[in-house]
Novice: 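Okay, here's the structure, questions in a sec.
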There are 2 protein chains.
Amino acid sequence: MTDRTQKGGGRGAPADEPAGSIGRKGNVRTIADLARLAGVSGATVSRALNDSPLVNERTRRRIQELASRHRFRLNARARQLRLRKTDTVCVILLIDEEAGQGLSDPFLLELLGGIADRLSARGYDLLLSRAEPGADWWEEVLHPRRFDGAIIFGQACEHRRLNALADAGAPFVVWGGRLPDQHYASVGSDNLGGGQAATRHLIEQGCRRIGFLGDLAFPEAALRWEGYRLALEEAGLPLDEALYRPTRFSGESAVRATRDLIESAQPFDGLVAASDVIALGAIRALEQAGRAVPGDVAVVGYDDIPLAAYVHPSLTTVRQDVAAGGRALVDLLLSRIETPPARTAPASQQADGQEPPHVILPTRLIVRQSSRRDGAFTPRMPDDADASGPVGHD
Amino acid sequence: MTDRTQKGGGRGAPADEPAGSIGRKGNVRTIADLARLAGVSGATVSRALNDSPLVNERTRRRIQELASRHRFRLNARARQLRLRKTDTVCVILLIDEEAGQGLSDPFLLELLGGIADRLSARGYDLLLSRAEPGADWWEEVLHPRRFDGAIIFGQACEHRRLNALADAGAPFVVWGGRLPDQHYASVGSDNLGGGQAATRHLIEQGCRRIGFLGDLAFPEAALRWEGYRLALEEAGLPLDEALYRPTRFSGESAVRATRDLIESAQPFDGLVAASDVIALGAIRALEQAGRAVPGDVAVVGYDDIPLAAYVHPSLTTVRQDVAAGGRALVDLLLSRIETPPARTAPASQQADGQEPPHVILPTRLIVRQSSRRDGAFTPRMPDDADASGPVGHD
DNA sequence: TTCAGCATTGCAATCGATTAAATTCGACGC
DNA sequence: GCGTCGAATTTAATCGATTGCAATGCTGAA
């Protein structure tokens, strides 16, 4: 034991911090230290700090005041060990480097920010973890030791694994679309509605042959495709699979896909892209090929990344409410953690009771230049009219 | 206690996992469980798992094999409590919402990815924390309980506070520029060199009146400005402060600043932007005002965000090696954590011994369309020539 | 006066892993 | 045959906070 701790509390009352430095106020690091100062036992201090009704109110206030004066903070590790709880949520980024949606997609960072804010508001820490789809990332989700639950990105890579984890009762939620045979909770934007709105908009702008760029292996992209399909259907337009090009979430992939589409000699006058990054790549490829946007081809993206408004032409896109998304992910996970599902059921049967929860966030179509064909779409940008060149409206 | 743990180990030897589900292999959650299975004491198990030479090699191998068979993992919380170490690094995003560089800057996410990778490679967890500049985020940096050290973003907001923390011996490193009176360790790209290279490039392209967009309150921007100044000086060009516009790290702020510059009627033919996001905002404002890029005004950005190559015109910019940045931040911090500075010195004097370490990462100028004035800069984009319209080169 | 009843507070076990010190046990030298 | 040495292992204390139970002291009723 450290005997250096002074006994007489009276004289030792620490003076105000020395000016210009960050004071330490002695070394009140443990409950025992504080207990000594307060002249009570550690148990009482613990109870006081946790607002237990078992301690006298005056005592409690005295201890709390003492604690804050000395900047005392509980040792989270010890507390977590004792309570068998970590107050930590792990955000797992299952990122397939080859699939393109690396950490570069700005959208992801925004969502992460929303999650961080919500978690801290609810008193949880955020553990960030990158993992590769094939690896053993799931082991700790099944038996978490460093966290109470997980928020997972990368649904597409591991749908079956996620189902198995959910069947085993692991506490997690997933960002992404809702799949037909899905046993786990998830949160995602209204991908179907968004894709539909984007496509309808292009149709309203006069597009008749609209292509789709996205990777249907990603559930979110697949749902956007489904919306695209519905919009075509309701407008009585044919669905031409020749206008689909599988495209990963990267600019480069989008450029390749678009070039491919152009070279296929299939006529098209509109493009629905599964992300803004894809849309920008597509626009680049179109312009390089001498096709004007939106004159020859109108383009709609997805995500409304911060840059979408500042590129040229500015990007029509589907906005997702990322802050709401972060909040929903956290709240859904914590509701699962803090009120565990009926313990009597052997977890493996938990799935067949009812549908796992899925939160759908509303989306909003943001119309900008890349899709506008009303002729007067660029009052402040005479360049554009010129750039559209010889192309008439439809 | 859970009595369900079966005693007889023989018959209970868990069979292979039932197909289609994720097996649990009994409940080997603690060292004590494993010790029981192995027929030794917990101490021996602990030593075996930590490769202590004190245990017989055969015993060690047997225990390790048993542990991996049962997917046993140590309880990190307990270990950390005992060892008074957390094996965790906290990344603190000090973000002034009003300053614009929110979580939206794609650059930040990439850097974060690099940090995550390096930390996990070195066996550390990454705790992510957002904080507001004015708040009490620094308290836990001074006396960390949940982490061993911190990586801090947001130097500008809190330079003095950071100095005070460093004086008090807090374990952290900062991403940003090197400031004159800086007591803390930091990592940043070669802002001065980068700014200089960007400016030189514009001069080579024939620009003579070059503006600068950035917020000099941010050290990184200030250093880029310094490079800008040097490049002008070495070219014998005058430094005209009328061509500087304070600009925060957001597209919107860049649009405003650029409009302001245009309306000031100051002639200018080049712009150095402190970030790609700023550059894109500037290009947008220029085009809205009828000035062609790069024809009338050549523009250089900074960061080389993934989209820089896919916008129109594609963006000339200064690339930072973010992966190396992440690695450097982590390695510098861990070297400080794992070999603490001479304990005898009372920390407060530690600063005046020698300069705190600062890692400067090399930068590379990536030349794309937004600055090229060689006449043949868009072989594949005939549009551009049209778009420039009536404006001659220079 | 005595004692039940209540409000406070203290004691001690506990969470799970680590490690100094003590113990066991077999081999070996004299 | 006996003491010693050393390798291998066990025992028990420890990290810091929580909490069931016991203990304390005080009030008021019998």
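Reminder, nothing fancy here: chain letters follow the sequence lines and each chain counts from 1.
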Novice: What pairs with A:Arg60 under salt bridge (charged side-chain N to carboxylate O under 4.0 Å, His left out), at least two apart in sequence or on another chain?
Specialist: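 Scan of A:Arg60 (salt bridge (charged side-chain N to carboxylate O under 4.0 Å, His left out), adjacent residues dropped) gives A:Asp51.
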Novice: What is the distance, to the nearest angstrom, from the CG atom on B:Leu34 to the P atom on C:dT18?
Specialist: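 That distance rounds to 12 Å.
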Novice: With a 4.0 Å cut-off on N to O distance, would you call A:Arg61 and A:Glu57 a salt bridge?
Specialist: yes
Novice: Strictly below 4.0 Å, N to O, side chains only: are A:Arg73 and B:Glu140 in salt-bridge contact?
Specialist: no
Novice: Any chance you could list the contact pattern along nucleotides 16-23 of chain D? Use B for base contacts, S for sugar-phosphate-only contacts and - for none, protein heavy atoms under 4.0 Å, 5' to 3'.
Specialist: BBBBBB--
Novice: Roughly, in whole Å, what's the span from CZ in A:Arg58 to C1' in C:dA7?
Specialist: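 Answer to the nearest Å: 12 Å.
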Novice: Are B:Thr88 and B:Arg146 side-chain neighbours, meaning at least one heavy-atom pair lies under 4.5 Å?
Specialist: no
Novice: Look at all strands and tell whether A:Ser52 reaches a base, only sugar-phosphate, or nothing, counting heavy atoms closer than 4.0 Å.
Specialist: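 Touches nothing.
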Novice: About how many Å separate CG of B:Leu54 and OG1 of B:Thr59, when rounded to the nearest 0.5 Å?
Specialist: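 Between atom OG1 of B:Thr59 and atom CG of B:Leu54 there are 12.0 Å.
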